[in-house]
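Quick notes on the structure that follows.
Remember, it's 1-based here, ligands and their atoms both numbered in the order they're listed. What you are looking at is a predicted structure, and each value in this text was computed from that prediction instead of being measured. The chain is numbered in sequence order, starting from 1. Below, all heavy atoms of this structure are taken into account, side chains as well, without hydrogens, waters or symmetry copies.
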Amino acid sequence: MTTAPHFPPSGPGARLLIVGPQGSGKGTQGIRIADAYDIPAISTGDMFRAAVASGSDLGKKVTEIIQAGNLVPDELTSAVVRERLSQADAAHGFLLDGYPRNLGQVGDLDAFLSGRGEALDAVIELVVPREESIERLTLRAQEQGRTDDTEQVIANRLAIYERETAPILDVYRERGIALEIDGVGSLDEITDRVIAALEGRGLIRSAAA
Ligand code: ADP
């Protein structure tokens, strides 16, 4: 197994992806890591929910898909992400949360980034036992009332994760950029673990953080 990233990071900033099953805490940790590196946290789930709330054309297209816990078509999702990554604040790095979510999207992201002479620096895999992630999801369902947090829809999202998303980790492992992080512990402990692993790869936090 190789350990070197394809493109060594130059200066502050980092191009990161965080992956983990529903209830792994990837959204929360993603924001913390992005803050530490002074890069935007880009969550496709948040972008789609915002589109639904605003009633935009995109929102109308994705409402039913999200409510069922299915994946929005790759073409649409990848276009949304390309547009977001083209904004100025993502020029020096970004943390993607929830994208890519299947092998097709991995290909789309590769094509987009390589067109800019870029590549992901690291892929953070948050490892959480299934019982724990289900417990956290149940709690979130009570607290936040997300419409896709019903038992049946959660089961569908977890099944899609196992079937479509987990395999993308093999691709990144082969590239030597995957970092497996124990996702059980306090929020601070987990953030510290992620940052230690990233720094171990030479990804140094911005001075401002
Ligand atoms: P979770 O990881 O808890 O399922 P997210 O907030 O990441 O939740 O995503 C919510 C929903 O948004 C997904 O169930 C799916 O319908 C849609 N979605 C998010 N990211 C993607 C993606 N990369 N490809 C397709 N659909 C997506």
Side-chain angles (χ1 to χ4, degrees), residues 15-34 40-85 90 94-113 120 123-169 171-172 181 183 190:
R15 298 183 186 95
L16 307 175
L17 160 63
I18 190 162
V19 185
Q22 287 72 12
S24 62
K26 70 183 163 56
T28 308
Q29 290 299 333
I31 291 169
R32 289 168 151 243
I33 309 300
I42 300 176
S43 154
T44 43
D46 284 352
M47 289 169 75
F48 287 140
R49 277 185 291 277
V52 170
S54 76
S56 65
D57 284 349
L58 172 65
K60 287 182 193 130
K61 280 187 204 153
V62 303
T63 302
E64 281 180 24
I65 300 172
I66 289 177
Q67 279 190 354
N70 291 321
L71 293 190
V72 173
D74 290 351
E75 214 180 83
L76 186 54
T77 306
S78 292
V80 166
V81 172
R82 279 195 295 269
E83 194 186 316
R84 180 64 188 87
L85 288 178
F94 50 79
L95 179 142
L96 287 170
D97 162 7
Y99 178 95
R101 221 175 179 92
N102 60 24
L103 292 170
Q105 294 179 8
V106 169
D108 289 348
L109 180 65
D110 282 345
F112 176 74
L113 290 181
L120 289 176
V123 175
I124 302 153
E125 177 189 0
L126 277 190
V127 182
V128 175
R130 174 167 279 224
E131 315 80 70
E132 168 121 6
S133 58
I134 290 177
E135 238 171 69
R136 291 184 192 174
L137 279 176
T138 312
L139 194 70
R140 184 174 81 187
Q142 289 160 4
E143 288 173 357
Q144 298 182 3
R146 247 173 71 166
T147 55
D148 61 349
D149 272 348
T150 63
E151 204 176 321
Q152 203 186 356
V153 176
I154 287 173
N156 185 35
R157 282 155 57 216
L158 282 168
I160 292 174
Y161 180 85
E162 297 296 337
R163 194 175 64 234
E164 300 202 34
T165 308
I168 76 171
L169 288 163
V171 173
Y172 294 125
I181 308 292
I190 299 164

Give a table of atom pairs where an N or O of ligand 1 lies under 3.5 Å from a protein N or O.
| from | atom 1 | to | atom 2 | distance (Å) |
| --- | --- | --- | --- | --- |
| ligand 1 | 2 (O) | Lys26 | NZ | 3.4 |
| ligand 1 | 2 (O) | Arg101 | NH2 | 3.1 |
| ligand 1 | 3 (O) | Arg157 | NH2 | 2.7 |
| ligand 1 | 4 (O) | Gln22 | NE2 | 3.0 |
| ligand 1 | 4 (O) | Arg101 | NH2 | 3.2 |
| ligand 1 | 4 (O) | Arg157 | NE | 2.9 |
| ligand 1 | 4 (O) | Arg157 | NH2 | 3.3 |
| ligand 1 | 6 (O) | Arg49 | NH1 | 2.9 |
| ligand 1 | 6 (O) | Arg49 | NH2 | 2.9 |
| ligand 1 | 7 (O) | Arg101 | NH1 | 3.2 |
| ligand 1 | 7 (O) | Arg101 | NH2 | 3.2 |
| ligand 1 | 8 (O) | Arg146 | NH2 | 3.2 |
| ligand 1 | 9 (O) | Arg101 | NH2 | 3.4 |
| ligand 1 | 16 (O) | Asn70 | O | 2.5 |
| ligand 1 | 20 (N) | Thr44 | OG1 | 2.7 |
| ligand 1 | 20 (N) | Gly98 | O | 3.3 |
| ligand 1 | 20 (N) | Arg101 | NH1 | 3.2 |
| ligand 1 | 23 (N) | Gly98 | O | 2.7 |
| ligand 1 | 23 (N) | Gln105 | OE1 | 2.9 |
| ligand 1 | 24 (N) | Gln105 | NE2 | 2.9 |
| ligand 1 | 26 (N) | Val72 | N | 3.0 |

_Check whether Thr165 reaches the backbone of Asn102 with its side chain - one donor and one acceptor, N or O, closer than 3.5 Å._
no
*Out of curiosity, Ile190 CD1 to Thr28 OG1, how far, rounded to the nearest 0.5 Å?*
9.5 Å
*Heavy-atom closest contact (Gln67 atom, Val153 atom, distance)*: O-CG2, 3.4 Å
_Salt bridge check, Glu135 against Arg130: does any charged N sit closer than 4.0 Å to a carboxylate O?_
no
*Would you check if Val128 and Arg136 make a side-chain contact, meaning some heavy-atom pair closer than 4.5 Å?*
yes
*Counterpart residues, side chain to side chain contact (heavy atoms under 4.5 Å, CB included), relative to Asp108 (two or more places apart)*: Asp74, Ser78, Tyr99
